[in-house]
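Report on one structure; see the data block that follows.
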Protein chains: 2
Amino acid sequence: MTPSPVSDKRQHVVETAYVLFKRAGFHATGIDRIIAEADVAKMTMYRHFPSKDELIVEVLDYRAMRFDRQLDRLAQEGIPPEQKIGRIFDWHARWFRSADFHGCLFAHALAEFGDPGHPVFKAVVRQKNGLKRRMRSILEEVMPRGRAESVAATLLMLIEGATLLAQMGQADAAIRDARKAAMGIVAASRRPQ
Amino acid sequence: MTPSPVSDKRQHVVETAYVLFKRAGFHATGIDRIIAEADVAKMTMYRHFPSKDELIVEVLDYRAMRFDRQLDRLAQEGIPPEQKIGRIFDWHARWFRSADFHGCLFAHALAEFGDPGHPVFKAVVRQKNGLKRRMRSILEEVMPRGRAESVAATLLMLIEGATLLAQMGQADAAIRDARKAAMGIVAASRRPQ
DNA sequence: TAACTATGAGACAGACCTGTCTCATCACTC
DNA sequence: GAGTGATGAGACAGGTCTGTCTCATAGTTA
């Protein structure tokens, strides 16, 4: 069997690193631990990723891509914006309840890499702005652009806050309250039909 | 001069560690760096704090106390709850604009110490619940207890989300949108006078 | 068969980590 | 002057960190 042109070892390292970073954090997870868990030689890892930082960026970008694809699948044409936004909150409710939930990897990355010039920081900003943009374009169906931007930012804050509360063990109340607040805000800003 | 009964070296270490943790994170800040910056012998530190983890908890508790005292000073009897809540958001607006703002140290601690049994994790939960309780007791003046709990949680989520967006360089828009949403939610839940 | 590529295995360097230990010093008290 | 308690200075242990290096091996391709 010819291995796939872009090696599957590479992807395996990314996915293993993701699990470990999620559980223990970035600085606390050593390269040795990653290669042991992935059952891969150290040089194999360093041939694919020139440094740990670049591996971290790769892991974040990979997760951002998976996240986007999942939300893409939820998006269904022809349903009202309220329902589209509601599905995004429902997705988070399911995430909070999942077995291996440990909070938001991107928020955690921001905590450990606070320098705005750092590639990891930039990867986080990309992901968060992506989610905001997604919600904004949904909202633009029923409100002017500037208003949609504001409401999208508010919804993003509710989601981020809910994720933090969920990590502190208040998942159910958090997503319920956040969802309710979000629906109220969207309704209040909606252009009357 | 007799040194104060509870040594001032101890407090000096706490404050130095706070600045370093805030800038670089917890794992990335070594003991050697802390004692160098505080200009203190290593044994002096370890005589006061049995381990780095306990120093971290001390730093967090110290910051939580300072935070509480600052919000206490803002609380003025006789003004309506809306205004009391508004002042909390204003406090955050000023914080976001301050020179050395690097996001929320407690949220960062949660990112690096995700084990719910860890003393650092518990210190974070204490602080966040404290802020929620503060807002809840303000809201109970004008709405029933259960409603106040829900609204307080929502305001907390807005604040946490705004802090995260502020760290990503969107401080002004974030606090403006969060404040506006908060005021709307409180108004909608207010028991009519 | 020969060449090429990806990988495995692990030694190694050099730095950094937390935490312990000893010994000297200094200020204050009795 | 003797004793006491807090501190300074730094060596030290034992471990872990990232990243580099060499050499062997296996599988595919020409």
Side-chain angles (χ1 to χ4, degrees), chain A residues 1-60 108-109 111-113 115 118-121 123, chain B residues 1-60 108-109 111-113 115 118-120:
Chain A
M1 280 301 143
T2 308
S4 48
V6 171
S7 163
D8 33 20
K9 293 270 177 188
R10 180 189 174 88
Q11 190 53 30
H12 183 232
V13 169
V14 168
E15 278 162 24
T16 305
Y18 159 65
V19 173
L20 296 176
F21 287 151
K22 178 170 71 166
R23 288 197 191 141
F26 299 95
H27 285 96
T29 302
I31 295 287
D32 286 343
R33 180 77 200 283
I34 295 171
I35 63 168
E37 205 80 15
D39 198 34
V40 146
K42 187 176 260 192
M43 273 317 290
T44 302
M45 200 222 96
Y46 272 104
R47 270 186 217 108
H48 285 297
F49 308 99
S51 71
K52 185 185 180 182
D53 281 6
E54 306 214 23
L55 171 61
I56 294 174
V57 170
E58 198 99 0
V59 168
L60 293 177
H108 294 177
E112 294 201 49
F113 300 87
D115 171 16
H118 197 287
V120 169
F121 188 102
Chain B
M1 281 301 143
T2 307
S4 49
V6 172
S7 164
D8 32 21
K9 293 271 176 188
R10 180 190 173 87
Q11 189 54 30
H12 180 58
V13 169
V14 168
E15 278 162 25
T16 306
Y18 160 64
V19 173
L20 296 177
F21 287 151
K22 179 171 71 166
R23 288 196 192 142
F26 299 95
H27 285 97
T29 302
I31 295 287
D32 286 343
R33 179 78 200 282
I34 295 170
I35 63 170
E37 204 82 13
D39 199 35
V40 145
K42 186 176 262 192
M43 274 316 290
T44 303
M45 200 222 94
Y46 273 104
R47 269 186 217 108
H48 286 297
F49 308 98
S51 71
K52 186 186 178 183
D53 281 5
E54 306 214 23
L55 171 63
I56 294 174
V57 171
E58 198 99 0
V59 168
L60 292 177
H108 295 178
E112 295 201 48
F113 299 87
D115 171 15
H118 197 287
V120 169

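The sequence lines fix the lettering, A, B, ..., with proteins before strands; numbering per chain opens at 1.
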Could you tell me which residues satisfy side chain to side chain donor-acceptor pair (under 3.5 Å) with A:Glu15, sequence neighbours excluded, listed by chain and number?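 Once residues adjacent in sequence are excluded, the partners of A:Glu15 under the side chain to side chain donor-acceptor pair (under 3.5 Å) criterion are A:Gln11, A:Tyr62.
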
Restricting to side chain to side chain donor-acceptor pair (under 3.5 Å), what partner residues turn up for B:Asp115, sequence neighbours left out?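 Not a single residue meets the side chain to side chain donor-acceptor pair (under 3.5 Å) criterion with B:Asp115.
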
Rounded interatomic separation in angstrom, taking [atom1] from [X] and [atom2] from [N]:
| X | N | atom1 | atom2 | value |
| --- | --- | --- | --- | --- |
| A:Arg10 | C:dT7 | CZ | P | 11 Å |
| B:Lys9 | C:dC26 | NZ | P | 14 Å |
| B:Met45 | C:dC21 | CE | P | 15 Å |
| B:Ile35 | C:dC17 | CD1 | P | 11 Å |
| B:Asp39 | D:dT7 | CG | C1' | 12 Å |

All N/O contacts under 3.5 Å from nucleotides 11-18 of chain D to the protein, with atom names and distances to one decimal?
from   : atom 1 : to      : atom 2 : distance (Å)
D:dT18 : OP1    : A:Lys52 : NZ     : 2.8
D:dT18 : OP2    : A:Ile31 : N      : 2.5

Check salt bridge (Lys or Arg N to Asp or Glu O under 4.0 Å) between B:Glu37 and all other residues, then give those that pass, not counting sequence neighbours.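 Listed in chain order: B:Arg33.
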
By salt bridge (Lys or Arg N to Asp or Glu O under 4.0 Å), which residues pair with A:Arg47, not counting sequence neighbours?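 Not a single residue meets the salt bridge (Lys or Arg N to Asp or Glu O under 4.0 Å) criterion with A:Arg47.
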
Quick check: on DNA chain D, is the nucleotide nearest A:Arg47 upstream (toward 5') of the one nearest B:Ala41, or the reverse? Name the residue that is more 5'.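 On the 5' side of the pair lies B:Ala41.
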
Measure from the side chain of B:Met43, starting at C-beta and using heavy atoms only, and say which of C:dG8, D:dT7, C:dT22 lies closest.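 Within the option list, the nearest is C:dT22.
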
Just say parallel, tilted or perpendicular for the rings of B:His118 and B:Phe113, cut-offs at 30° and 60°.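 The arrangement is tilted - the two ring planes meet at 30° to 60°.
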
Partners of B:Lys52 by side chain to side chain contact (heavy atoms under 4.5 Å, CB included), sequence neighbours excluded?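 For B:Lys52, the residues satisfying side chain to side chain contact (heavy atoms under 4.5 Å, CB included) (neighbours in sequence not counted) are B:Phe21, B:Ile31, B:Ile56.
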
